[in-house]
There are 2 protein chains.
Amino acid sequence: MVRRIFTESLSRGQAFENLRTLVTRHPGRLSGSRNLADAIAWAEATLNTLGLDRVYKQDVKVPHWERGPGETVVMLHPGGAEPLSALALGGSVPTTEKSGIVAEVIEVRSLDEVVTLGTTKISGKIVFFNRPMDPAAIMPRLAYSGAGDQRSRGPATAGKYGAVGALTRSLTHANDDFPHTGGTTYPPGGPKIPAAALSTVAADKLSATLAAAAESGSTVRVAMKINSRWLPDADSHNVIGEIRGTEFPDEVILIGGHLDSWDIAPGAHDNGSGVVQSIEVLRLFRTLGLKPRHTLRCVLFTNEENGLRGSSAYVSAMKAKNEKHVLALESDSGGFQPRGFNLGSTQRDAHDRVAAKWRALFEPYGITSFVKGTGGVDVGPLLVQGVTVAGLRPDSQRYFDLHHTTADSLDKVNPRELQFGAAALTALIWLVDTQGL
Amino acid sequence: MVRRIFTESLSRGQAFENLRTLVTRHPGRLSGSRNLADAIAWAEATLNTLGLDRVYKQDVKVPHWERGPGETVVMLHPGGAEPLSALALGGSVPTTEKSGIVAEVIEVRSLDEVVTLGTTKISGKIVFFNRPMDPAAIMPRLAYSGAGDQRSRGPATAGKYGAVGALTRSLTHANDDFPHTGGTTYPPGGPKIPAAALSTVAADKLSATLAAAAESGSTVRVAMKINSRWLPDADSHNVIGEIRGTEFPDEVILIGGHLDSWDIAPGAHDNGSGVVQSIEVLRLFRTLGLKPRHTLRCVLFTNEENGLRGSSAYVSAMKAKNEKHVLALESDSGGFQPRGFNLGSTQRDAHDRVAAKWRALFEPYGITSFVKGTGGVDVGPLLVQGVTVAGLRPDSQRYFDLHHTTADSLDKVNPRELQFGAAALTALIWLVDTQGL
């Protein structure tokens, strides 16, 4: 059966054509946007073509932030003025003056360095966080986590010491001119300063200019203009499709990904791939005539990128209905060649059990890594509810080259690799459904 | 030490910058071309920057085929004329008439089908070989082998039954408009007919047009024009760089790839990646201060694509000198994320021994697959000389999307993945050198 699943997925898969429609017609699916609303309608219509037992939406109120037009970051130095490739961080406040702000730049490598420098050195300046992701890290995700505090908490920290703006080096190993956006947060009550990510090329240029200026005793200023705005929470939805279980209709096996993306991103790998793979799991069950014993539920979450309200709403509804979940499986690490799964359970080592039972079935497909984990950002919260969670682990070296950029486009996804992932998800679900965890 | 090798490779690797130079300055490195000669000069100069003990060239006479200008394949059908994306197969004879040939097309799925149809049905026609690579194959290389006879022997077989030309479906899983060239051969004494590969999109279009024409009782003709020519054998070279062994200077560990590429291809994955990884192995040894006990020899072979004369010349020289080789390792499967090695030995199961000794050292880097094999096309002939051969096995799903096309360009190679491969090669060599096979 595992072989049949892979053969069907590789020979007649529809995930890539679905992805083409999703990311070319509905790119930039940020919460509150028209594009996300259209993508939700597309997802519902697409699920409705599969002849499922039930397709419905779950209402979710989501944060609504807009970038606005006319963003710029310009480096001003003794030699002249130079635009830097930049993107406001998601959630950033706008620059207050209509003309933007202009201030001297100070480069730091960490939040601790801001604390050490203190108000005397930081006040009135734009703080430039420039610690790169560690190139020697084997898993890029670890390098991402290791540098990510600069984006998520750097601006708030800099603001606390009187900075007027913040720039952060894009979170990527790539050396190119694509800026990578992503969320930043300000703790309640603290100062909020405008913040943008620089491409790694722009960050290196700014850093070199600062070094040269320091040599000659001069300074470098940057002009920043951000016209973002926060709007009232918007209506949105998780989109859900189900095949009713033949033996245990009240017990759920969940497969999901998130429909939203950053505003500037086509969102092909993050997370169009997870969306179309989740839909493909249902299609493969249908096409192969597999009737799941447990209810197989595809959940396309809203608002993963800047709020996680879709996941929260799902968990609330699940708790309210006292619904049992056998497994909650997520695909949100890109549509690359699958290499394994992460699995987590509060009761036992799910990854060891799954590896012991089924590793030999996955090995012919190069799927050999079963590690402990928490599934993914959307299903992770189900773990503390006692649910076994899991996440697909695709090859990861290229993910952060594209993450949260305009370059996260259809041409970066290989149709076969996407279908391998869909088959791997389907196979794991079929095994859990028929043989138990 | 394995960790140090990976850290240096990922943090300060030079393979990608070398690749940039090779494929942007010297694309289309076909045997006999000026571009290959320039690439050979570049390779020698690059090896000379590493402070090796010896850099030299081995003379090789290579076949010299040129595509010539003005190639075209045009489909003529009741509705009109339509150009088809095509490339002459390497080694194809030209169309004899200056204006090209025009003939009716007959579609087949196999060489056997040509034999069955026989002269009555084949004579005077252009035979169109249209069996796709099997999408359900897990390893694309197996699907490639499974369909490859159409390209390598299809035109000669069709010629035997009186065909005037041959078209072959490109050997790829991709559904796009890039034609893939590659070698075709005519057995001595048999008829030689002009042959070209169609892109998969063009092949599907031709096939659909033939089906529609058959319905309506009409036929489809194709006009082909190929202006290729064979020239006298040309001078070329294998380029070799060595670090002399401290304990066993007369015993060689070989690392290599091939410098030549098809004429229309930048040759980034095939095989620029193997070339720069082989060079990088030497650089890593030098930078890390590693002094190999055996002589470490980087061999950049010429003429892998259409003759294998570089490999043959190397083997002849090795036999003439009665030179002992401990290991001959090749990288010629693309610069993708490494997943393992193939290993072959006439005396014992090298792959099992290597896995047993060192698998645990490679596993943290996702390198887990050690299988039986014959190294690669260039080092394979050393196996029958009693040498243990090996080949790097990178992720393979995207390789044949690019293989022998104009799209095999620098942007398809990820710098980190390339450096992972260089580190894996270096680590295996260091282990074999210090601990024996």
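The sequence lines fix the lettering, A, B, ..., with proteins before strands; numbering per chain opens at 1.
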J.: Atom CZ of residue position B:Phe362 - does it have more than 12 heavy atoms of other residues, nucleotides or ligands inside 6.0 Å?
T.: yes
J.: For the backbone of B:Ala174 and the side chain of A:Arg416, can you confirm whether one donor and one acceptor N or O come within less than 3.5 Å of each other?
T.: no
J.: Are the side chains of B:Phe420 and A:Ile138 in touch, meaning some heavy atoms are under 4.5 Å apart?
T.: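 B:Phe420 vs A:Ile138: side chains touch.
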J.: Quick check for you: to the nearest 0.5 Å, what is the distance between A:Leu10 atom CG and B:Asp134 atom CG?
T.: 9.0 Å
J.: Which one of A:Arg12, A:Glu417, A:Glu8 has the most heavy-atom pairs closer than 4.5 Å to chain B?
T.: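 Highest number of pairs under 4.5 Å: A:Glu417.
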J.: Which one, A:Ser9, A:Ala136, A:Ser369, leads in non-hydrogen pairs under 4.5 Å with chain B?
T.: A:Ala136
J.: Under 4.5 Å heavy-atom distance to chain A, tell me which part of B:Arg339 shows up: side chain, backbone, both or neither.
T.: both
J.: Are there residues of residues 397-412 of chain B whose heavy atoms fall under 4.5 Å of chain A's heavy atoms? If so, which?
T.: B:Gln397, B:Arg398, B:Asp401
J.: Less than 4.5 Å to any heavy atom of chain A: does that hold for the side chain of B:Thr368, its backbone, both, or neither?
T.: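 The side chain, not the backbone.
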J.: Rounded to the nearest 0.5 Å, what separates atom NE2 in B:His173 from atom CG in A:Asn414?
T.: 10.5 Å
J.: Looking at A:Phe370, I want to see if its CZ is surrounded by more than 12 non-hydrogen atoms of other residues, nucleotides or ligands under 6.0 Å.
T.: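 Yes - once you tally the heavy atoms of other residues, nucleotides and ligands closer than 6.0 Å, there are more than 12.
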J.: Please rank A:Gln419, A:Arg3, A:Glu363, A:Met139 by heavy-atom pairs under 4.5 Å with chain B and give me the top one.
T.: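 That would be A:Arg3.
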